[in-house]
Protein chains: 2
Amino acid sequence: MGHEVLAAVLQIRDDTLQVLLWQRAQQPDLDRWALPGGRLGATEDVQTSVLRQLADKVDLREVAHVEQLGVFSAPDRVPGIRLVATAFLGLVRCDADPTVPADTRWHPVAELPPTAFDHAAIVRDARERLRAKLSYTNLGFALAPDEFTVSALRDLYVSALGHPVSATNLQRVLARRGVLVPTGRVAPPGPAGGRPAALFRFAERHLRVTDASAVLRPPSAAE
Amino acid sequence: MGHEVLAAVLQIRDDTLQVLLWQRAQQPDLDRWALPGGRLGATEDVQTSVLRQLADKVDLREVAHVEQLGVFSAPDRVPGIRLVATAFLGLVRCDADPTVPADTRWHPVAELPPTAFDHAAIVRDARERLRAKLSYTNLGFALAPDEFTVSALRDLYVSALGHPVSATNLQRVLARRGVLVPTGRVAPPGPAGGRPAALFRFAERHLRVTDASAVLRPPSAAE
DNA sequence: TCAAAAGTGTTCTAGCTACACCCATGG
DNA sequence: CCATGGGTGTAGCTAGAACACTTTTGA
């Protein structure tokens, strides 16, 4: 019984949520597109393994966030052999442009090419996880550059969430929660003019739950 | 490389959140307490496997809810061999009293006996998952009997969450969300008298997210 | 002076908390 | 009639949504 790790690496490219896939050159599922990953090594845990595989196989070292999605273990998920997979969500900042091998390409999550095995389901789970966590954590840090304007950040959220987001309210919500802090600098206006936008950065660049609005919380959980 | 499944089965017993453990009779970790589980079979996925193992090994068929917690894969998590584990959270209703084997016992989650391998970490994750999901889903159905009073339900929530919960507000929140429905019947008062309590049941007995209060939700998400 | 883009002020509302008060029962 | 536990009414608070209005730039 083998164990592999797979990563659904997502990035906003051209205002579109995309996932990194490589095209298989052998059977089974010849020519279909697959998630990067590989066999779990003898001396590593699954998270170490997935980071190693991304670095080795697709030369991807700039992963801003990685988390486990779950185990995919249907007995027939890979024909011929028994292979259990631990799937991960990986996020790459939109200002990174890693060079990837020739057989590897970014594809819009909304219109996947023919995919190998159960990898389409893993991509779906990854997108759902990203969407959910964007709204109650500071996970945006893994999509955004170091410094950005609120409207640039809004565009990232729109691309990831797939529905309109108000820049006004986005700023207020994230500022109130202490997720965003102003850098004091401003970005030059575009060619059409307009007021220069203030630049912000994320207060923290590791995952934190920012909306503890889960009801039934402990009484008087004063900060 | 082997693969096992492990279940942290939780139940509220005597107003205390408890977990089902069995005492190991051989090395390694002789006499320490372990989670039920076992090797993944060749023709089953991990969820099927964990349900089978619970039924076979601890004769536990009355599991109201099961969900994956994640993969535990540190290379040295089990001495001697490489064994990757998929951990599950299982919940048993408080009115069930399954008969378990002689080497198996319920233990309060807050004061675990000496545990085997990395099982204590799995129990911690299970408790955290339960606490989190109680507040934004209808997961209470997996702890409560078919019919119950609001104060009985409150006691379950208090035991699981570890902090006081107002029965008044619990009822209102769950009623507003359509999670609880009155059965029209009442429970007899206790020996000290008091108004008879109305009986409720959960509207659905499978997991549903009831608090979509994740901010940044789509605009005008009218029911 | 005007258009474009950014940012602020203000109002509205849903949903939850807190707490007072009323109800139904046993002794 | 009173203690005990259950249930309801209601006021207040907080966070977010919506939208009008002001600010700062380029042409």
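Chain identifiers are assigned alphabetically (A, B, ...) following the order of the sequence lines, protein sequences preceding nucleic acid strands; residue numbering begins at 1 within each chain.
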Ignoring the backbone of [X], work out which of [options] is nearest its side chain.
| X | options | answer |
| --- | --- | --- |
| B:Arg176 | C:dC16, D:dT4, C:dG7 | C:dC16 |
| B:Gln171 | D:dT8, D:dG6, C:dT25 | D:dT8 |
| B:Ala197 | D:dG6, D:dA15, C:dG7 | D:dG6 |
| B:Val173 | D:dA17, C:dT25, C:dT17 | C:dT17 |
| A:Pro189 | C:dC16, D:dG26, D:dG7 | D:dG26 |

Whole-Å distance between [N] [atom2] and [X] [atom1]?
| X | N | atom1 | atom2 | answer |
| --- | --- | --- | --- | --- |
| B:Leu180 | D:dG7 | CG | C1' | 14 Å |
| A:Leu170 | D:dA15 | CG | P | 17 Å |
| B:Phe148 | D:dG6 | CZ | C1' | 16 Å |
| A:Phe200 | C:dA6 | CZ | C1' | 10 Å |
| A:Arg185 | C:dG7 | CZ | P | 15 Å |
| A:Asp211 | D:dA15 | CG | P | 10 Å |

Note to self: Could you work out, with ring pair (Phe, Tyr, Trp, His ring centres under 6.0 Å) as the rule, every residue matching B:Phe72, not counting sequence neighbours?
What the structure shows: none
Checklist line | ring pair (Phe, Tyr, Trp, His ring centres under 6.0 Å) against B:His65, all qualifying residues, sequence neighbours excluded | finding: none
Note to self: Before we go on, tell me: are the rings of A:Phe202 and A:Phe148 under 6.0 Å apart, centre to centre?
What the structure shows: yes
Next item on the list: Have a look at A:Pro191 and say if it touches a base, only the backbone sugar-phosphate, or nothing, with a 4.0 Å heavy-atom cut-off.
Entry: sugar-phosphate
Note to self: Heavy atoms only, 4.0 Å cut-off, all strands: where does B:Ala167 land among base, sugar-phosphate and nothing?
What the structure shows: nothing
Atom pairs, protein N/O to nucleotides 12-14 of chain D N/O, distance under 3.5 Å:
none

Margin query: Can you tell me how far apart CD (A:Glu44) and CG (A:Leu51) are? Round to the nearest 0.5 Å.
Written below: 9.5 Å
Would you be so kind as to tabulate the donor-acceptor pairs closer than 3.5 Å made by side chains of residues 122-129 of chain B, with sequence neighbours excluded?
from     : atom 1 : to      : atom 2 : distance (Å)
B:Arg129 : NH1    : B:Glu67 : OE2    : 2.7
B:Arg129 : NH1    : B:Gln68 : O      : 3.1
B:Arg129 : NH2    : B:Leu69 : O      : 3.3

Next item on the list: Please tell me if the side chains of A:Phe200 and A:Gln171 come closer than 4.5 Å, counting only heavy atoms from C-beta onward.
Entry: yes
Next item on the list: Report yes if the side chains of B:Leu21 and B:Val19 come closer than 4.5 Å at any heavy-atom pair, otherwise no.
Entry: yes
Next item on the list: State which residue, out of A:Leu139, A:Val109, A:Leu161, fulfils the side chain to side chain contact (heavy atoms under 4.5 Å, CB included) condition with A:Leu130.
Entry: A:Leu139
So which protein N/O to nucleotides 19-23 of chain C N/O distances come out below 3.5 Å?
from   : atom 1 : to       : atom 2 : distance (Å)
C:dC23 : O4'    : B:Arg195 : NH1    : 3.4

Margin query: Both B:Ala192 and A:Pro196 contact DNA chain D. Which one's nearest nucleotide lies toward the 5' end?
Written below: B:Ala192
Item checked: Any pair counted as side chain to side chain donor-acceptor pair (under 3.5 Å), so long as it reaches residues 185-205 of chain B, sequence neighbours left out -> B:Glu147-B:Arg185, B:Glu204-B:His206, B:Glu204-B:Arg208
